[in-house]
Amino acid sequence: MTGPDATAGIETVIFNSAARLASEARARAKQNDLQEAFAPELWNAVKNLGFGGLCVPQALGGAEVSVRLFCKVVELLAAADCTTSTLVHLQGNNAYLLRYSPNRAAADALLAEIVNKQLITAYSLTEPGAGSDAAQIRATATPDGDGYRLNGTKCFSSWASMADIVLVFARITTLPPKEGISCFVVRPPQQGFAISRTEKKLGLRAAPLCEISLQDLWISRQDCLSETGLFREAMKALDYSRVGIAAMTVGLAQGAFDYAFRYVLDRRAFGQALADFQGVQFKLADMATEIEAARQLTMEAARLADAGDSFSRHASMAKYFASDVAMKATTDAVQLLGGHGYTAEHPVERMMRDAKGIQIFEGANELQRALVFRSLRRELA
Ligand SMILES: Cc1cc2nc3c(=O)[nH]c(=O)nc-3n(C[C@H](O)[C@H](O)[C@H](O)COP(=O)(O)OP(=O)(O)OC[C@H]3O[C@@H](n4cnc5c(N)ncnc54)[C@H](O)[C@@H]3O)c2cc1C
């Protein structure tokens, strides 16, 4: 079978796999969060279901799902457990980075390997002195024989301590500063690569957030994704990533809404269900409306991306709008559960902590607003 029916069939298989993973993730989310550790069973499930290959081209063995389907998968997972959703989303993000990398031989070989060996990847761009202004990274890659020596300190790399591959950004010392940022494939354990710290953090606690020390780490030329720099390509890949992040926050908000909605139907005060108070009803109506608006904006960004149209502005709009909606919806959900919502007995306080991180990572929301303004000015001024 080929054509639309076959595509719909594959989409159903992938969506059903995601639903199974979501159910397992939901069951383990509380324990993962309290123990600040991701259950190995869940890690293996992500691998075994082939979710590392969702955004890898079919020619290289991957599923090459549409941005729209990827968003649906990420949303579904985030409604159950945002941490698991970040892991699956990260695999899509990294696949797009590799799809845009100029060193096609290295990138295609790695994409095929990711599928064949069910590898999990992380990426490491941020440094202690360079976050929002990522162009200021200082880690160096100095040519040495048939490769490069990497030195520097990276920080805030999600999942780096568990991943099979870490895509590390560093500045090639022989290129002009503006063009020199490239990305290197690291396969831990490797001499010169160390996880020097794992952060204690507010939310997404089962996802390790790592500082990385690079000390004379030698990487062959084949594992350099561009010997002429790839900052522009990396930023292009980030656009895809931001659409997925928006979908993640839609799912997170929906998960909090669904939980709070069921709760207020059951919980009684002053002789009636909380859901019978108009103030509660209005809050829930606003939450549902804002979540739907975030979903529609996200899906429009996904539609533009799938159509091959320019979608950068919509990606930024969706990322900041949807994550702000998630922050508000999860906070409202805690409020609707009262003191009970503030305890770890219910998932909404975890969801609220998780939402905060997403307003910050993959380009903080202030930076997304700046990107939207810049794009509007280019078009309208
Ligand atoms: C949970 C989590 C996971 C992460 N995972 C990864 C990962 O896997 N890999 C990776 O490389 N990085 C990762 N990061 C890093 C993340 O991308 C950075 O934290 C983010 O880009 C912000 O950088 P910063 O923390 O240095 O903040 P800063 O850049 O110091 O910004 C601080 C504040 O100033 C604001 N600000 C900065 N510039 C402007 C401006 N021009 N206008 C208005 N406001 C501005 C920011 O919006 C922010 O509110 C992660 C971070 C978190 C919290």
Side-chain angles (χ1 to χ4, degrees), residues 32-33 36 38 78 81-97 120-139 150 152-171 181-184 186 188 195-214 225 230-231 234-235 237-242 244-245 248-249 252 315-316 319-320 323-324 326-327 350-375 377:
N32 282 352
D33 182 63
E36 303 192 14
F38 198 66
D81 172 36
C82 196
T83 302
T84 304
S85 179
T86 67
L87 179 59
V88 170
H89 169 270
L90 180 62
Q91 304 317 301
N93 173 42
N94 292 341
Y96 278 107
L97 173 62
I120 296 286
T121 58
Y123 87 98
S124 182
L125 172 63
T126 306
E127 296 184 1
S132 301
D133 192 2
Q136 301 308 317
I137 64 166
R138 302 171 79 120
L150 268 57
T153 302
K154 312 295 292 182
C155 70
F156 298 164
S157 179
S158 297
W159 303 101
S161 55
M162 298 173 74
D164 304 295
I165 302 277
V166 185
L167 302 172
V168 174
F169 287 81
R171 191 178 285 286
I181 294 177
S182 190
C183 185
F184 298 81
V186 181
I195 302 294
S196 35
R197 193 169 74 184
T198 303
E199 304 293 343
K200 284 271 175 203
K201 57 189 179 332
L202 180 69
L204 299 168
R205 289 188 175 162
L209 190 65
C210 305
E211 182 186 84
I212 294 170
S213 157
L214 308 168
L225 293 175
L230 53 43
F231 196 66
M235 293 301 115
L238 272 181
D239 285 341
Y240 286 95
S241 181
R242 283 171 187 148
I245 292 282
M248 183 188 297
T249 53
L252 182 57
S316 289
K319 194 274 176 180
Y320 86 69
S323 56
D324 285 355
M327 192 69 246
R350 184 186 74 241
M351 292 167 158
M352 186 178 84
R353 289 186 280 109
D354 291 352
K356 189 68 227 171
I358 313 177
Q359 289 183 306
I360 296 168
F361 68 60
E362 219 72 351
N365 285 3
E366 292 75 13
L367 272 292
Q368 301 313 312
R369 287 177 167 90
L371 287 171
V372 169
F373 176 77
R374 216 177 298 155
S375 150
R377 178 143 80 181

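Note that ligands are numbered from 1 as they come in the structure, with each ligand's atoms numbered from 1 the same way. What you see below is based on every heavy atom in this structure, not just the backbone, and it leaves out hydrogens, waters and symmetry mates.
The residue among Leu90, Leu202, Thr126 with a heavy atom at the shortest distance from atom 10 (C) of ligand 1 is Thr126. Scanning Ala160, Gly131, Gly357, Gly129 for the heavy atom closest to atom 24 (P) of ligand 1 points to Gly131. Counting heavy atoms only, Glu366 comes closest to atom 44 (N) of ligand 1 of the residues Lys356, Glu362, Glu366, Glu127.
At least one N or O atom of Ser158 sits closer than 3.5 Å to an N or O atom of ligand 1. For the pair Phe156 and ligand 1, the shortest N or O to N or O distance falls below 3.5 Å. For a threshold of 3.5 Å applied to N or O pairs, the pair formed by Leu209 and ligand 1 contains no separation below that value.
Remark: side-chain polar atoms of Lys154 are not paired, donor with acceptor, to backbone N or O of Ser157 under 3.5 angstrom. Side chain of Arg353 to main chain of Leu202: a donor-acceptor pair is present (N/O by atom type, distance under 3.5 Å, no hydrogens or angles).
The residues Glu36 and Lys201 are annotated as not salt-bridged, no charged nitrogen and carboxylate oxygen being separated by less than 4.0 angstrom. One finds a salt bridge joining Asp324 and Arg369 here, because a Lys/Arg side-chain nitrogen approaches an Asp/Glu carboxylate oxygen to under 4.0 Å.
Across all non-hydrogen atoms, the minimal contact from Ala170 to Leu150 is CB-CG, 4.2 Å. Heavy-atom minimum distance, Thr126 versus Gly131: CG2-CA, 3.9 Å. The minimum heavy-atom distance linking Glu362 with Arg242 is given by the pair O-NE, 3.1 Å.
Between Tyr123 and Phe169, the ring planes are perpendicular. Angles over 60° get that label, and only those under 30° would be called parallel.
For atom 36 (N) of ligand 1, the nearest non-hydrogen atom of the protein is Leu367 CD2, 3.9 Å. Summary of contacts: the protein heavy atom closest to atom 27 (O) of ligand 1 is Ser132 OG, 4.1 Å. In terms of protein heavy-atom proximity, atom 52 (C) of ligand 1 is closest to Phe361 CB, 3.7 Å.
Between the side chains of Glu211 and Thr153, no donor N or O sits under 3.5 Å from an acceptor N or O.
There is a protein heavy atom closer than 4.0 angstrom to atom 6 (C) of ligand 1. For atom 33 (C) of ligand 1, the nearest protein heavy atom lies 4.0 Å or farther away. There is a protein heavy atom closer than 4.0 angstrom to atom 47 (O) of ligand 1. Under the 4.0 Å distance rule, the nearest protein heavy atom to atom 19 (O) of ligand 1 falls inside the cut-off.
By the criterion of a heavy-atom distance under 4.0 Å, both the backbone and the side chain of Tyr123 are placed next to ligand 1.
Using a 4.5 Å cut-off on side-chain heavy atoms (C-beta onward), Ser323 and Ile245 make no contact.
Counting the atoms of ligand 1 from 1 in the order shown, those under 4.0 Å from a heavy atom of Leu125 are 10 (C), 11 (O). Within ligand 1, the atoms closer than 4.0 Å to a non-hydrogen atom of Ile360 are 19 (O), 20 (C), numbered from 1 in the order shown.
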